[in-house]
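Structure first, then comments.
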Amino acid sequence: MNFANLLRQHTAALRALLVLTVILGLAYPAFIWLVAQLPGLRDRAAGSLLEADGKPVGSSLIGQSFTDADGNPLPRYFQSRPGGYDPLATGASNLGPEDVVDTADDPAGGRTSLLTDVCTRSLTVAEFEGVNGARPFCTADGVGAVLSVIGPRDARGNVTEPARVVSVSQVCPAAPFTTTYRGVRVECAEPGADYTMGQIVPVHGPEVDPAVPADAVTAGGSGLDPHISPAYAALQVNRVAEARGISTEQVRALVDEHTEGRTLGFLGEPRVNVLALNLALDQLGG
């Protein structure tokens, strides 16, 4: 390849680079910015910010915690779903319905199961709202009602004749949530012991319709969910009204006003934006 051809190819490449830089690096971003300034799009493009007294206090797209300096929930505000609410550390735990065994007492390092987290949160929310925190698969003391049944198994892996039964989430000296299982006395769990060799059996317990909604005890997929369900909002109405010294009718009307329907009429579920609702409460006074 001679010098003339080499120069011609490099010149063509440089021209293409300059043209694409102008189109994709300058013209296209400028066009998108201009479109974002159209009425109805400008607020969304700016981050859907919400203001109080002329100052931004958050985004309607990102949830917040409404707690004091010690992390205790403030009674005068509606509470969000559980979550860290750190925009720099988002993501799901990837824990599912089968995460039912606690390992918090493992000397090598452990944690509580998703089931126990749900049970504990249910009691905490129930105490705060003045309702019953009972729910299926949970003990009265707020841990997972889970047994490790140890004994010979059949071809399907089910224990045929239990020799030993341990309530894996209730560490000694705690009293197990049930005294016997299939005629065998239920033991409390010894700290640090491994009971995974047994058949893990979650126990449903008595039929109960939980007073605490599911979104009050589980985080959203990103940990930044700005919405709660109308059921969770309704649960908090009396407490917020009492803390602010206003009527429940006033608070309930604000909840109804800030309840959004399903997207496009059929996607998702009705929801309440917590930050927007709390700002409306502050404007109402009390």
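Within 6.0 Å of atom CD in Glu242, 12 or fewer heavy atoms from other residues, nucleotides or ligands are found, so the atom counts as exposed in its surroundings. By the neighbour-count criterion of 12 heavy atoms within 6.0 Å, atom CD of Glu127 is sparsely surrounded, having that number or fewer from other residues, nucleotides or ligands.
A 4.5 Å side-chain heavy-atom check between Thr103 and Arg111 finds at least one atom pair inside the cut-off. Residues Gln79 and Val274 form no side-chain contact, since every pair of their non-hydrogen atoms from C-beta on lies 4.5 Å or further apart. Contact annotation: the side chain of Asp68 approaches that of Leu74 to within less than 4.5 Å [non-hydrogen atoms, C-beta and beyond]. In this structure the side chain of Leu18 never reaches within 4.5 angstrom of the side chain of Arg15, judged on heavy atoms. At least one side-chain heavy atom of Asn158 sits under 4.5 Å from a side-chain heavy atom of Gln199. Val272 has its side chain out of reach of Phe78: every pair of non-hydrogen atoms, C-beta onward, lies at least 4.5 Å apart. Between Asn273 and His227 the shortest side-chain heavy-atom distance falls below 4.5 Å. Residues Asp225 and Asp215 form no side-chain contact, since every pair of their non-hydrogen atoms from C-beta on lies 4.5 Å or further apart.
In this structure, Arg76 contributes its side chain and Ala243 its backbone to no donor-acceptor pair below 3.5 Å. Although no hydrogens or angles enter the test, the distance criterion places a donor-acceptor pair under 3.5 Å between the side chain of Thr160 and the main chain of Pro152. Under a 3.5 Å cut-off, the side chain of Arg135 and the backbone N or O of Val212 do form a donor-acceptor pair. Side chain of Thr259 to main chain of Val255: a donor-acceptor pair is present (N/O by atom type, distance under 3.5 Å, no hydrogens or angles). Between the side chain of Ser222 and the backbone N or O of Leu224, at least one donor-acceptor pair lies under 3.5 Å.
A donor-acceptor pair shorter than 3.5 Å cannot be found between the side chains of Ser113 and Asp99. Under 3.5 Å, the side chains of Thr112 and Asp117 contain a donor-acceptor pair of N or O atoms.
To the nearest 0.5 Å, the span separating CD1 on Ile246 from CG on Leu254 amounts to 7.0 Å. Taken from OG1 in Thr120 to CG in Leu115, the straight-line distance is 9.0 Å, to the nearest 0.5 Å. Rounding to the nearest 0.5 angstrom, the gap separating the OG1 atom in Thr218 from the CZ atom in Arg121 is 7.5 Å. Distance check: Asp209 CG to Asn132 CG gives 10.5 Å after rounding to the nearest 0.5 Å.
Counting only residues at least two apart or in different chains, side-chain hydrogen bond (donor to acceptor under 3.5 Å, both in side chains) contacts with residues 137-156 comprise Thr139-Asp141, Asp141-Gln170. For residues 166-276, the set of pairs meeting the disulfide bond (SG atoms under 2.5 Å apart) definition, not counting sequence neighbours, comprises Cys172-Cys188.
Aromatic ring pairs are classed by plane angle as parallel below 30°, tilted from 30° to 60° and perpendicular above 60°; the pair Phe137 and His204 is perpendicular.
With a 6.0 Å cutoff to the six-membered ring centre and a 45° limit on the axis angle, Arg244 counts as a cation-pi contact of Tyr77.
The minimum heavy-atom distance linking Pro75 with Arg239 is given by the pair O-NH1, 2.9 Å.
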Please list every donor-acceptor pair under 3.5 Å in which a side-chain atom of residues 191-198 meets a protein atom from a residue at least two apart or in another chain.
residue, atom, partner, partner atom, Å
Asp194, OD1, Thr196, N, 3.0
Asp194, OD1, Thr196, OG1, 2.7
Asp194, OD2, Thr196, OG1, 3.3
Tyr195, OH, Glu190, N, 2.9

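Residue Val101 is not grouped with residue Val203 when hydrophobic side chains (ILVMFWY) are merged at heavy-atom distances under 4.5 angstrom, including chains of intermediate members.
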Discussion item. Evaluate Arg164 against Val184 for side chain to side chain contact (heavy atoms under 4.5 Å, CB included), listing each step before the verdict.
Written reply: CA-CA 7 Å; Arg164 188 182 178 198; Val184 177; 5.6 Å; no
